[in-house]
A.B. asks: 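Just dropping this structure here.
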Amino acid sequence: MKGFNENANHSALIDDRACRPEAVEFARGSSKGKSKLDPVDDYDCSRNYSVSAEKRSYYDNESLVGEIAHLEPTEVSENCYINGYHPSTSHSSRVDYSVSVSDDGNAVEKLSAVVSSFSSKRPTGRVVAVIESSLRRDTVVGFLSVKQSIYSRESNKKESRKNKHRLTALNRGYIMLTPNDPKFTKMTVPVKDLPECIKKRLDSGDATVEMDLVAARIVNWGEESYIPEAHVIHMFGRGSDVEAQIAAILFENSIDPSEFSSEALSCLPHIPWKVPVEELQKRRDLRNLCVFTIDPATATDLDDALSVEGLSDGVFRVGVHIADASYFVLPDTALDIDAQMRSTSVYLLRSKLPMLPSLLSENLCSLNPGADRLAFSIFWDIDPAGEVLDRWIGRTIIKSCCKLSHEHAQEIIDGAFDIHNSISIGNHWPQLHGQFEWLDVIGSVKSLHEISKVLKENRFTRGALSLESPKVDFIFDEDGVPYDSVFSEQQESNFLVEEFMLLANRTAAEVITRAYPTSALLRRHPEPNVRKLKEFEMFCNKHGLHLDISSCDHLHHSLEHIKRELEYDSVLFDILMSYAARPMQLAAYFCSGDFNYANGGWGHYALAIPLYTHFTSPIRRYPDIIVHRTLAATIEAEEMYWKQRMLQKPKGEDAVIRCFTSICVDKDTMESPEAQAALSAAAAKHGVPGTEILTDLAGHCNERKLASRRVKDALHKLCMWNLLEKKEILFSEARVLGLGPKFMSIYILKLAIERRINYDEVEGLKVEWLENTSALVLTQFLNKRSNKRSSPSKFRPLNEVALITDPRDLKLEMDLSEWDDKEDGESQLDGEILKSDVSGIINVEPAVFPLTVRLLSTIPVVLHAVGGDDGPLDIGTRLYISSYL
């Protein structure tokens, strides 16, 4: 399948897994922060990450059997097979309808009716005007092509011909820019507008300019021009340099890596800081409550903590305590404006670009153990059936007694923690603070775990959906270079935290929407793309797997049934889960008063709930700060209204204290003039944005969140590329997902990615496509050309498609694996000197010619890094074959 499709980000579907990428010593967990995942939020299930340069356009007239249609051709050719059948004319993937309309309203209605009537078809359209220029025009990254120079018309043609090989002639013309993003066309760059540093290198004849990544922006693209004109504004460095690639990724996504402004830093409190007396008086003091955090071991921004107390009749009082960042980040200050512009923390390979200065994100806001911290707390009284009987929401002061890692919590859940082994505790367990003992913490973790299991079961019973699959993490050496990859899966300790964070976010959404129905910042997750969901259903049915897509609930339960059916083929199930994620649409922030959502569409499809928001991560997400302000206004309005009612109530009548935040609220009370006046005054005091401002803010936060997601995906690919560059070659097994006479699409087990191998018109390779059985037979022969009539220049060498090794060399490779004292053992394979990943060679047996391939066959492949100094990064894939020829 075309592109760089990863399984790593399809680990789950739940919106706020509160969720952290749990790799502690791996790529995401090695950052000094949690880099939490929001699986549906970060979810663009239909995307392709990176299309190599030679695959810049969709395939045309190529056959493909069994490939799920996220690689859709612009039209189905006569020889095209999709999901194993040949579509007739009536099943064309293109539907062209002309709609005669008398006005715009009728046009929209008729177009909507046509699209709805053919939900499995893909509508097509034609661009008639460009209303607004894309911001991507200003963030182009690519390579200059000095050798493909274009001389200006004003240049003397004769002189140009004489000097066409001299770089100094370029100052009178243009050079080409090839963008990394395949969606961009090539661009011309006037030499006269190049930065002086590049001009000097060109004048000195330095052709290595072509090896440097550059930043550019499009300055002109007239209707008469086939390609745009761009200006280079910056050089990042060599394309093979990791730091240059990271800088380019940030630039491409408009993420500013600069430090906080002096104005923003001036808003920070002075150090040392302690809880002010007035806050001690206004807040509930919970410093004597057993509160603790559960986070990745390397996390430094601890924004959520948990507590639990046993009540009578099996009822537990569970507390979620969230860092009160809104106390420090006041509305409309320089710090607030800076945080709003950043909108989210961005996690890099082993560092992060925080949304808030480190004094807040890692110190005063972070719920560090043994320190008095300001928090927003929600308590629920939960019965044994998982039902919430009562709740309380308010601002508090807490003191965490310890910082548990997920591994610590998992050991407690598994009963592997020996409290009597003081040596074990002293070596790798955290320090306890305050009057609490390990028995208190262990009992709390076990109680929370049992409650979370009930909550999770209830969630799925009520129709929630989960798409869990392993993700790939990277292990780094001391220099920060990835040297291996591992699969990591969510553990029960992860799900423990997740359940209570989901409940907290849901509770916050209910409260702020009820108090401010037109100015609540919420998060919606629309229903999946119907066409893609039906294609996934067809794919499952083709392989004898029943999938019910009629509802979220049915989809979840049918996937669970398939999981049991594929108990002994976990790889295929992982592939299916990756495919199941693709029809899902992105979750997004929106304002409850936005006219576009006046008729509904507020719900969260994956969670199967009507209201949802983000409340639990204010250190790293700006929307959470807005939600905190809205909650603070609601709580203060509640207090104001209660005090007023106490003065006005007749004797003997009880006034309801929690009239805005409790589970049950009287509608007449909320809509009374007194309540509305209190809410309005509190909103003004706490800086709750109005509908128009909040709508714009939601759009900005969506765009920044998507940008951070793209950065994460690009960095994951960079890690993968860097790993392959160091190894030079990686051996793996792969499953065939799509198959045809010209190429196959494969899922690579080692890295959980999808790649394509093209074998059409290859020297020394005979390709037989058995149409009746949808099978492929590849045969090597001594005649260099196949019997196809084609230009010799179109044939590619066999080593571009397959790594051929002599069977007699395999014994040598196995012997090399015993040389433990040699790190860089070398072997000769098909004329290539390779630093052998010897264990990979031993574990992966090569295939032999003739090679027969069918859909879902397992085949051996080799991977290598492509690009760097000579083009965009990509992952090359070849067959791994043993042959005497």
Side-chain angles (χ1 to χ4, degrees), residues 1-3 5 48 51-52 54-89 91-94 535 538-539 542-543 734-748 754-804 847-861 876-881 883:
M1 299 187 179
K2 188 181 293 186
N5 294 309
N48 293 326
V51 184
S52 58
E54 65 272 19
K55 302 174 185 175
R56 289 181 175 266
S57 59
Y58 283 110
Y59 65 86
D60 186 25
N61 296 327
E62 292 182 293
S63 302
L64 182 63
V65 173
E67 182 167 5
I68 198 163
H70 69 290
L71 281 176
E72 292 116 344
T74 53
E75 55 186 77
V76 179
S77 67
E78 295 180 357
N79 298 321
C80 184
Y81 289 77
I82 298 179
N83 291 334
Y85 70 91
H86 184 268
S88 63
T89 305
H91 289 85
S92 171
S93 67
R94 294 190 63 174
E535 288 166 353
M538 292 170 57
F539 183 83
K542 172 178 171 56
H543 299 293
R735 293 290 288 272
V736 178
L737 305 180
L739 191 62
K742 294 186 178 182
F743 69 89
M744 68 175 73
S745 296
I746 59 176
Y747 176 85
I748 298 163
E754 296 174 20
R755 306 302 297 150
R756 174 184 289 187
I757 298 178
N758 293 278
Y759 35 73
D760 186 45
E761 297 185 340
V762 177
E763 292 184 353
L765 187 66
K766 181 181 179 182
V767 179
E768 295 180 86
W769 173 245
L770 308 180
E771 186 170 329
N772 292 335
T773 59
S774 297
L776 175 75
V777 180
L778 300 177
T779 307
Q780 186 185 18
F781 60 96
L782 293 177
N783 296 329
K784 291 295 183 180
R785 302 275 193 268
S786 69
N787 54 8
K788 290 186 179 181
R789 295 181 179 179
S790 182
S791 170
S793 61
K794 290 186 177 181
F795 281 88
R796 295 177 295 139
L798 180 59
N799 61 9
E800 287 188 10
V801 176
L803 176 61
I804 310 294
V848 296
F849 285 123
L851 175 62
T852 302
V853 183
R854 293 180 174 84
L855 198 64
L856 298 183
S857 296
T858 300
I859 59 173
V861 296
T877 309
R878 294 179 289 171
L879 298 169
Y880 178 37
I881 306 289
S883 173

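Just the heavy atoms: all of them, side chains too, but no hydrogens, waters or symmetry mates, feed the values below. Small disclaimer: the values here were computed from a predicted structure and weren't measured.
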A.B. asks: Taking all non-hydrogen atoms of both residues, which atom of Leu778 and which atom of Phe849 are closest, and how far apart?
C.D. replies: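 Looking at all heavy atoms of both residues, the closest pair is O-CD2, 3.3 Å.
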A.B. asks: Does the side chain of Arg796 come within less than 4.5 Å of Val762's, by heavy atoms?
C.D. replies: yes
A.B. asks: Give the minimum heavy-atom separation between Glu800 and Arg878, together with the two atoms involved.
C.D. replies: O-CG, 3.4 Å
A.B. asks: Under 3.5 Å, side chain of Tyr759 to main-chain N/O of Phe743, donor-acceptor pair present?
C.D. replies: yes
A.B. asks: To the nearest 0.5 Å, how far apart are CD1 in Ile859 and CE in Met744?
C.D. replies: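 Between Ile859 CD1 and Met744 CE, I get 4.5 Å after rounding to 0.5 Å.
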A.B. asks: Quick one: pull up OG1 in Thr877 and CG in Asn758 and give me the separation to the nearest 0.5 Å.
C.D. replies: 10.5 Å
A.B. asks: Starting at CG of Leu765, measure out to CZ of Phe795 and round the result to the nearest 0.5 Å.
C.D. replies: 10.5 Å
A.B. asks: What is the minimum heavy-atom distance between Thr779 and Pro850, and which atoms define it?
C.D. replies: OG1-CB, 3.7 Å
A.B. asks: Rounded to the nearest 0.5 Å, what's the gap from CD1 on Ile746 to CG on Leu879? Could you check?
C.D. replies: 7.0 Å
A.B. asks: Decide yes or no for Gln780 and Ile881: does some side-chain heavy atom of the first lie under 4.5 Å from some side-chain heavy atom of the second?
C.D. replies: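 Contact flag for Gln780/Ile881 side chains = no.
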A.B. asks: Locate the shortest heavy-atom distance separating Pro860 from Ala847; write the atom from each residue and the value.
C.D. replies: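 Looking at all heavy atoms of both residues, the closest pair is CG-N, 3.3 Å.
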A.B. asks: So do Asn799 and Ile804 actually touch side chain to side chain, heavy atoms under 4.5 Å?
C.D. replies: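 The answer is no; the side chains never approach within 4.5 Å.
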A.B. asks: Start with the C-alpha distance between Val801 and Ile757, add both sets of side-chain angles, then the distance that settles side-chain contact (heavy atoms from CB on, under 4.5 Å), and finish with yes or no.
C.D. replies: CA-CA 7 Å; Val801 176; Ile757 298 178; 4.0 Å; yes
A.B. asks: Can you find a pair of side-chain heavy atoms, one from Arg755 and one from Val861, that are under 4.5 Å apart?
C.D. replies: no
A.B. asks: Give, for atom NZ of Lys742 and atom CZ of Arg756, the distance between the pair rounded to the nearest 0.5 Å.
C.D. replies: 11.5 Å
A.B. asks: Among Val777, Leu776, Thr852, exactly one meets side-chain contact (heavy atoms from CB on, under 4.5 Å) together with Leu770. Which residue is that?
C.D. replies: Val777
A.B. asks: Any idea which heavy atoms bring Arg854 and Ala775 closest together, and the distance?
C.D. replies: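 Looks like CG-CB, 3.9 Å.
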A.B. asks: Please answer whether the main-chain N or O of Leu856 pairs with a side-chain N or O of Arg735 as donor and acceptor at a distance below 3.5 Å.
C.D. replies: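 Looks like yes, one N/O pair under 3.5 Å.
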